[in-house]
Amino acid sequence: MIERDQVLHVARLGRLKLSEEEVERMALELSSVLDHIEKIGELQLDGVEPTSHVLPLENVLRDDVPRASLPRDRALAEAPEPAGGGFGVPSPGGEG
Amino acid sequence: MPEPVADRPYEPVIGLEIHVQLATRTKMFCGCALSFGEEPNTRTCPVCLGHPGVLPTVNAQAVHFALMIGLALGCEIAPRSLFHRKNYFYPDLPKGYQISQYDVPLARNGALGDVRIHRVHLEEDAAKLVHAGASGRIHGAAGSVVDFNRGGTPLVEIVTEPDLRSAAEASEWLRLLRATLRRMGVSDVNMEEGSLRCDANVSIRPAGEATLGTKAELKNMNSFRFLQRGIDAEIARQEQVVRGGGTVTQETLHFDPVTGDISSLRSKEEAHDYRYFPEPDLVPLAPTEAMLSRADDALPELPAARAERLERDLELAPETARLLAFRGELGDFFEAAVAAANGGGDGAVAGPRALASWVTVELVPRLGDTEPTESPVTPEALAKLAGMVSAKAVSQSAAKQVLDVMAIDGGDPEALIVERGLGMAAADELGAIVDGAIEQNAAAVEQIRSGNEKAIGAIVGAVMRETKGRADGGEVQRMIRQRLTVDG
């Protein structure tokens, strides 16, 4: 069973603000997801390599050749607060 | 009774984490050219800006450089390694995660010198965050401003085992690593500009104990001097904590080189939980035989091996061999001079030890900040000058005057010696000067005759002044003794 504190911890890492009702619902839903994974964990998989990818590909590489970058005004076009040629953001320290 | 804690000596235990910006042309996962001080946000694209739906592609040259580093550090290269997402929120990371390597890094278990290498992996650099408070308020900005030019630059992270035992050792070892990477041409390795960045994990334990103490991580010391001072300050701080009866807590610290203060960067409750998982958009890296042999073939002779060879084969003193090997361009100049001396045909040639001394003792101070390749003095000209000294065609001190001229204007040493009349004084000319000096230094002659050998210095000095250094000191002494013995 997922505890309330664990839900709040994960929500904080994901910068999510949950209502009291959502915290309770998430605890239940996440618990059932983990139960399902536990069920899968019962499979006998000794000697089976963990799967990181389903594609049968390796070494998909790109030559080190420069391509045109975006003009700055296009790069900044979607920025909510463009400033001084850059993307204005709240100061990570908190105040700003 | 156990020994009082306050009297027991402590032993520092240090490991380093080094980030190396690779000298590729483009970023790690997109085709944007790397930035060298361009206007902010002029080297970006949807991939490195983290727009939705874009796909990263791995830069083959970054993999090549990383393999070279792994091989140079004697690591085992993973037959198959993975990229992972390291999740955290910070404005310099547009995707909300950094693509890095986690449980299966590209290379591990190596060594450089006496220090074991824990792992070597590939990742991408973060963008640059300009804090409004740092350089005054940025016009129109409420908080900070992000420049994504650096975001996505290929990085290799090198993590050592905790094998270093003092700040001086750490700094010395980092110099070896820097010289090695520089020789390989995989990075600019400029600490001030951030293409080589070093964090240090520092802990202390009672001397002789095997268990490691709790470590603190010192972040981003951007010069060898700061690295050494930062580690020393942290060792002192931990000793003070422990001797005061306290315990060291695991934390990330910032060393202020101006004040010497150490402050905590992140508090414990914010301890990161990165939720690594395999990057679904990047398939595994499985270096082929061809990739490995290409990386191996690209490795030049590395500084540690070169120092050993210079010491063994050319019989240079260990410090001289290290100096020439660690400053690769200087080593190249020296070896070109040795080759020129050996190919110079008959006549006396300067040996490697003499040439090493000409390069490290005489040429280096005359170069200042110039690299030897940009100096007007060619290896061939220096070898010729040194050869003339060995052949006693010019005195040591006159040759130094010639080198003064060559260091500014270049030129052929033989021509300069003739032009300036700096050739060794001929025997009859020198004989006359020696006779004159003996005549004018009667007091010294008297002292020598009464057994004070040292008084010969006054007469040798007079001869050297008269010849303006165009005589060999040993030869002059021999001539003076001969004359005084004959006379007596």
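So that the names make sense, note that chain A is the first sequence line, chain B the second, and so on, each numbered from 1. Reckoned from all heavy atoms, side chains included, excluding hydrogens, waters and symmetry mates.
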Chemist: Below 4.5 Å, heavy-atom pairs only: which of B:Cys32, B:Ala62, B:Ala286, B:Gly96 has the largest tally toward chain A?
Modeler: B:Ala286
Chemist: So which of B:Asp147, B:Asn87, B:Leu82 has the largest heavy-atom pair count under 4.5 angstrom toward chain A?
Modeler: B:Leu82
Chemist: Which heavy-atom pair separates B:Ala33 from A:Ser69 by the least distance, and what is that distance?
Modeler: N-OG, 4.4 Å
Chemist: Short question: side chain of A:Arg72, backbone of B:Pro40 - any donor-acceptor pair under 3.5 Å?
Modeler: yes
Chemist: Kindly compute the distance separating CZ (A:Phe87) from OG1 (B:Thr44), expressed to the nearest 0.5 Å.
Modeler: 6.0 Å
Chemist: Taking CZ in B:Arg275 as the centre, count heavy atoms belonging to other residues, nucleotides or ligands within less than 6.0 Å. Is the count above 12?
Modeler: yes
Chemist: Checking side-chain hydrogen bond (donor to acceptor under 3.5 Å, both in side chains) for the pair B:Thr26/A:Arg62: CA distance, chi angles, key distance, verdict?
Modeler: CA-CA 10 Å; B:Thr26 66; A:Arg62 161 182 63 83; 3.0 Å; yes
Chemist: With a 4.5 Å cut-off on side-chain heavy atoms, are B:Met291 and A:Leu61 touching?
Modeler: yes
Chemist: Can you tell me which portion of B:Phe277 sits under 4.5 Å from chain A's heavy atoms? Options are side chain, backbone, both or neither.
Modeler: neither
Chemist: Taking all heavy atoms of A:Pro90 and all of B:Pro91, pick out the closest pair and write down the distance.
Modeler: O-CG, 4.4 Å
Chemist: For B:Glu39, does the CD atom have more than 12 heavy-atom neighbours from other residues, nucleotides or ligands under 6.0 Å away?
Modeler: no
Chemist: What do you reckon, is OH of B:Tyr276 surrounded by more than 12 foreign heavy atoms closer than 6.0 Å?
Modeler: yes
Chemist: If you draw a 6.0 Å radius around CG in B:Asp103, do more than 12 non-hydrogen atoms from other residues or ligands fall strictly inside?
Modeler: yes
Chemist: So which of A:Ala79, A:Gly86, A:Ala75, A:Pro66 has the biggest tally of heavy-atom pairs under 4.5 Å with chain B?
Modeler: A:Pro66
Chemist: Checking B:Pro280 against chain A: side chain, backbone, both or neither under 4.5 Å from a heavy atom?
Modeler: backbone
Chemist: Using 0.5 Å steps for rounding, measure from the CG atom of A:Asn59 to the CZ atom of B:Arg80.
Modeler: 10.0 Å
Chemist: Quick one: pull up CG in B:Asn41 and CG in A:Asp73 and give me the separation to the nearest 0.5 Å.
Modeler: 11.5 Å
Chemist: I need the residue from A:Leu70, A:Leu55, A:Val54 with the largest number of non-hydrogen atom pairs under 4.5 Å to chain B.
Modeler: A:Leu70
Chemist: Donor-acceptor pair, A:Asp64 side chain versus B:Asn59 backbone, under 3.5 Å?
Modeler: no
Chemist: Closest approach of A:Leu57 and B:Val283, non-hydrogen atoms and distance?
Modeler: O-CB, 3.5 Å
Chemist: Could you tell me which of B:Leu49, B:Thr57, B:Leu34 has the largest number of non-hydrogen atom pairs under 4.5 Å with chain A?
Modeler: B:Thr57
Chemist: Please round to the nearest 0.5 Å and tell me the distance separating atom SG of B:Cys45 and atom CZ of A:Arg74.
Modeler: 11.5 Å
Chemist: Step through the shown structure and confirm whether more than 12 heavy atoms of other residues, nucleotides or ligands are within 6.0 Å of NZ on B:Lys128.
Modeler: no
Chemist: What distance separates A:Leu13 CG from B:Tyr88 OH, expressed to the nearest 0.5 Å?
Modeler: 14.0 Å
Chemist: Using non-hydrogen atoms and a 4.5 Å limit, figure out which bit of B:Cys48 sits close to chain A: side chain, backbone, both or neither.
Modeler: neither
Chemist: Just verifying a value: how many Å separate A:His53 NE2 and B:Leu282 CG, rounded to the nearest 0.5 Å?
Modeler: 6.5 Å
Chemist: Side-chain contact, heavy-atom cut-off 4.5 Å: A:Ser52 with B:Glu279?
Modeler: no
